[in-house]
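Single-structure report; data block below.
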Amino acid sequence: MAAAAGSGGGGVVKHLVIVQFKEDVTPERLDGLIRGYAGLVDKVPSMKAFHWGTDVSIENMHQGFTHVFESTFESTEGVKEYVYHPAHVDFATDFLGSTEKVLIIDFKPAAGN
């Protein structure tokens, strides 16, 4: 039987941050936050990739969440290094101050079969 996708520390890990920003966050401020988040790839060695997008679902089940940010790491240890890296700590303090609510999920991608 195959091991569960979440077992062990090695293997690719996706770090999802799903956000509802505060109503008073301007488009300029949002753009700066997104650029700052993307810039962490060059500052945090364990962060291998970054993607983001906005909700486009027709199901209207977003519960107010509007933005999704996905970072890729080579392991759960890499996520831990990222969480405690000074560049991330500084950015997260600024970023979280602009959010109404946040959901963070780390997972190991598994094939659909």
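All residue numbers in this chain count up from 1 along the given sequence.
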Q) Is it true that Val19 and Leu96 fall in one hydrophobic cluster, defined by side-chain heavy atoms closer than 4.5 Å? A) yes
| query | Going only through I, L, V, M, F, W and Y residues with side-chain contacts under 4.5 Å, is there a path from Val41 to Tyr84? | reply | yes
Within 6.0 Å of NE2 in His62, more than 12 heavy atoms from elsewhere: yes
Taken to the nearest 0.5 Å, the spacing of Leu103 CG from Gln63 CD works out to 9.0 Å
Between Ser71 and Met47, the two heavy atoms sitting closest are OG-CE, 3.2 Å
For Gly78 and Ser46 the tightest heavy-atom approach is O-OG, 2.8 Å
By salt bridge (charged side-chain N to carboxylate O under 4.0 Å, His left out), Lys14 pairs with (sequence neighbours left out) Glu70
Exercise for the section: Using the side-chain contact (heavy atoms from CB on, under 4.5 Å) rule, take Lys48 and Phe73 through it: C-alpha gap first, then chi angles, then the decisive distance, then the call. Expected result: CA-CA 6 Å; Lys48 301 304 179 187; Phe73 299 87; 5.8 Å; no
Given 3.5 Å as the limit, does a donor-acceptor pair link the side chain of [X] with the main chain of [Y], or not?
X	Y	result
Thr99	Val102	no
His88	Val83	yes
Lys108	Ser75	no
Ser57	Glu59	yes

Mind checking whether [X] and [Y] have side chains closer than 4.5 Å, heavy atoms only?
X	Y	result
Lys101	Phe65	yes
Thr72	Val13	no
His85	Pro45	yes
Leu16	Ile104	no
Leu33	Ser98	yes
Trp52	Val68	no

Taken in chain and number order and not counting sequence neighbours, the residues that satisfy ring pair (Phe, Tyr, Trp, His ring centres under 6.0 Å) with Phe91 are Tyr37, Phe95
With sequence neighbours left out, the residues meeting ring pair (Phe, Tyr, Trp, His ring centres under 6.0 Å) with His15 are Tyr82
From the list Asp55, Ile18, Leu30, side chain to side chain contact (heavy atoms under 4.5 Å, CB included) with His67 holds only for Leu30
Pair Lys43, Asp90 - check salt bridge (Lys or Arg N to Asp or Glu O under 4.0 Å), show working.
CA-CA 12 Å; Lys43 296 176 181 175; Asp90 289 346; over 6 Å; no
